[in-house]
Amino acid sequence: MRKGIFITAEGGEGAGKTTALKKIYDELIKKGHQVVMTREPGGIKISEEIRSVILNEEHTEMDGRTEALLYAAARRQHLMEKIVPALQEGKIVLCDRFIDSSLAYQGFARGIGIENILMINEFAIDEYWPNLTLYFRVDPEIGLARIAKDKGREVNRLDQENETFHKKVLEGYDQLTKLYKDRIRIVDANDDFESVYSRALLLIEQHLETIDNR
Ligand code: TMP
């Protein structure tokens, strides 16, 4: 039985979700919540190791389905080792990327098919769908210009994809918002950071309130 709240952050490159999530984490802690912040692919040793295999810039020969399976494997281990125990302890889990990244990137942008990616990911996550997903929606031109400016950022294999790929990622996410209307909330991430952060925090607070009022 899960008692906690599982919140994920999604979006294309340069949407600012990671920075926003860190600030949200600090704010929720300040308000007295018990919060765990984590990321995908990664979050724990095994999954961080899988991350380095997937995102290694030299692995240009990696097949799309191999990539999808590796993301799903990293997700399963991360879920069982870190997310589920935190939820069982009643904590709020903030996870930077989760299943929707695979649906948008591998399912849609890579062209493997959302249904195929859903199948392997349903096997991986079982009943552990997020309660709330914030989709930081940024135009690829804006997002890619932001990451080009951020010199300290890790460059990975998926960053090497062209703008067409990143436009497809956006289209994929847009489809997911229609498919999962109740779970996914859109945050317009083209704006300045403070506005993006405030909107995201508000959506989380509203979600927490609806749970308190149940
Ligand atoms: P990030 O940590 O900078 O978000 O980088 C992770 C990269 O991996 C990013 O380009 C999105 C991609 N990704 C997928 O393609 N599928 C997935 O399931 C996940 C979690 C990430």
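Atoms within a ligand are numbered from 1 in the order they appear, just like the ligands themselves.
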Q: Going by the side-chain hydrogen bond (donor to acceptor under 3.5 Å, both in side chains) test, name the single residue among Glu67, Arg97, His166 that passes it with Tyr105.
A: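 Answer after filtering Glu67, Arg97, His166: Arg97.
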Q: Measure the NE2-CD distance between His59 and Glu57 for me, rounded to the nearest 0.5 Å.
A: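 Here the rounded value is 11.0 Å.
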Q: By salt bridge (charged side-chain N to carboxylate O under 4.0 Å, His left out), which residues pair with Glu141, not counting sequence neighbours?
A: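 Per chain and number, Glu141 pairs via salt bridge (charged side-chain N to carboxylate O under 4.0 Å, His left out) with no residue.
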Q: Checking Asp188 now: which residues fulfil salt bridge (charged side-chain N to carboxylate O under 4.0 Å, His left out) with it, not counting sequence neighbours?
A: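 Result, salt bridge (charged side-chain N to carboxylate O under 4.0 Å, His left out) vs Asp188: none returned.
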Q: Report the residues that fulfil side-chain contact (heavy atoms from CB on, under 4.5 Å) with Glu171, sequence neighbours left out, ordered by chain and then residue number.
A: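 For Glu171, the residues satisfying side-chain contact (heavy atoms from CB on, under 4.5 Å) (neighbours in sequence not counted) are Phe108.
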Q: What about the rings of Trp129 and Phe6, do their centers lie closer together than 6.0 Å?
A: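 Here the rings of Phe6 and Trp129 have centres that are no less than 6.0 Å from each other.
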Q: Can you name the residues that come within less than 4.0 Å of ligand 1, going by heavy atoms only?
A: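 For ligand 1, the residues that come within the 4.0 Å heavy-atom cutoff are Glu13, Lys17, Glu40, Pro41, Arg51, Leu55, Tyr71, Arg75, Arg97, Ser101, Ser102, Tyr105, Gln106, Arg153, Asn156, Leu158.
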